[in-house]
K.L.:
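For reference, the structure I am asking about is given below.
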Amino acid sequence: ERLLADAQKAILGMPGPDAWSGATFQLETIAQRERDAGDWGLAGFTAKNMIEHDGNYAGGYYAMALVAGHSKDTAAESKLFDKARRLWSKADADLAELAAMGKDSAAQAAH
């Protein structure tokens with residue numbers, strides 16, 4: 001975990017606009033791999049880094065919502081999904097994340 005945290009610090013510390021935007025997508029990939037591996041603590045750490053790096057990037061809020069959902073914090077999950085939806089309001093309608101959030105909302109309403 002320490003090695004991955006150091007790697008994220010290095011990614012975030014790279015200078016220049018290309019490195020800045022690249023860092024967003026590198027962190028998103030890392031967060032996905034952490035969730036796939038079941039390392040939800042590290043996935044939350046990475047999602048937090050995504051939000052701190054770019055507070056206007058919906059993917060960070062989406063990633064953090066998935067972590068909140070995994071820990072059964074439905075209030076935080078809903079709030080974070082709402083933030084992601086607002087930031088993705090002009091995204092293509094077929095964006096996979098929007099579809100996934102729609103399914104999550106439907107599942108929560110059924111309970």
Side-chain angles (χ1 to χ4, degrees):
E1 288 184 11
R2 179 72 185 155
L3 182 62
L4 198 48
D6 288 345
Q8 288 184 37
K9 186 176 179 180
I11 289 167
L12 292 167
M14 299 289 284
D18 290 339
W20 186 87
S21 62
T24 301
F25 299 109
Q26 288 176 338
L27 291 173
E28 186 170 40
T29 299
I30 291 168
Q32 177 65 52
R33 300 296 178 261
E34 291 162 348
R35 291 191 307 268
D36 290 347
D39 193 338
W40 290 93
L42 204 49
F45 172 80
T46 302
K48 182 177 180 246
N49 279 340
M50 290 169 67
I51 292 168
E52 288 176 359
H53 179 66
D54 185 353
N56 290 314
Y57 179 60
Y61 298 96
Y62 177 78
M64 188 63 86
L66 294 175
V67 171
H70 182 265
S71 65
K72 309 270 190 264
D73 186 347
T74 55
E77 178 186 29
S78 178
K79 181 179 173 184
L80 290 159
F81 275 156
D82 286 347
K83 177 75 173 180
R85 277 188 201 92
R86 281 193 304 275
L87 291 170
W88 271 327
S89 65
K90 295 182 181 173
D92 291 341
D94 62 348
L95 182 68
E97 289 85 349
L98 288 174
M101 286 188 288
K103 290 177 189 172
D104 291 340
S105 295
Q108 286 178 6
H111 284 73

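Computed from a predicted structure; not experimentally measured.
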K.L.:
Find out if a path of hydrophobic residues (ILVMFWY) with successive side-chain heavy-atom gaps under 4.5 Å connects Phe81 to Leu95.
P.N.:
yes
K.L.:
Applying side-chain contact (heavy atoms from CB on, under 4.5 Å), run through Trp20 and His53 and close with a yes or a no.
P.N.:
CA-CA 8 Å; Trp20 186 87; His53 179 66; 3.0 Å; yes
K.L.:
Judged by atom type as modelled, is there a donor-acceptor pair below 3.5 Å linking the side chain of Tyr62 to the main-chain atoms of Leu80?
P.N.:
no
K.L.:
Just wondering, do Met101 and Trp88 contact through their side chains at under 4.5 Å, heavy atoms?
P.N.:
yes
K.L.:
Can Lys79 and Tyr61 be said to form a side-chain contact (heavy atoms from CB on, under 4.5 Å), step by step?
P.N.:
CA-CA 9 Å; Lys79 181 179 173 184; Tyr61 298 96; over 6 Å; no
K.L.:
Linking I/L/V/M/F/W/Y whenever their side-chain heavy atoms sit closer than 4.5 Å, directly or via other members, would Ile11 and Ile51 fall into one cluster?
P.N.:
no
K.L.:
When you look at Leu12 and Leu27, which way does the side-chain contact (heavy atoms from CB on, under 4.5 Å) test go after all the steps?
P.N.:
CA-CA 9 Å; Leu12 292 167; Leu27 291 173; 3.6 Å; yes
K.L.:
Which pairs pass side-chain hydrogen bond (donor to acceptor under 3.5 Å, both in side chains) with one or both residues in residues 29-43, sequence neighbours excluded?
P.N.:
Gln32-Arg35, Gln32-Asp36, Glu34-Thr46, Trp40-His70
K.L.:
Closest approach of Met50 and Ala63, non-hydrogen atoms and distance?
P.N.:
SD-CB, 4.3 Å
K.L.:
Give me the atom names and distance for the closest heavy-atom approach of Leu87 to Ala58.
P.N.:
CB-CB, 3.6 Å
K.L.:
Which heavy atom of Ala31 sits nearest a heavy atom of Ala43, and at what distance?
P.N.:
O-CB, 4.2 Å
K.L.:
With a 3.5 Å distance limit and no angle check, can you tell me whether Ser71 reaches the backbone of Ala68 through a side-chain donor-acceptor pair?
P.N.:
yes
K.L.:
Looking only at heavy atoms, which two atoms of Ser21 and Asp18 are closest? And how far apart?
P.N.:
OG-O, 3.2 Å
K.L.:
Suppose we screen for salt bridge (charged side-chain N to carboxylate O under 4.0 Å, His left out). Which residues come up paired with Asp82, at least two apart in sequence or across chains?
P.N.:
Arg85
K.L.:
Using 0.5 Å steps for rounding, measure from the NZ atom of Lys72 to the CD atom of Glu77.
P.N.:
9.5 Å
K.L.:
According to a 4.5 Å side-chain heavy-atom criterion applied to Ile, Leu, Val, Met, Phe, Trp and Tyr, with indirect links allowed, do Ile30 and Phe45 form part of one hydrophobic cluster?
P.N.:
yes
K.L.:
Quick check against the 3.5 Å criterion: does Asp54 have a side-chain atom that pairs as donor or acceptor with the backbone of Asn56?
P.N.:
yes
K.L.:
With rounding to the nearest 0.5 Å, note down the distance linking CE in Met14 to CD in Gln26.
P.N.:
8.0 Å
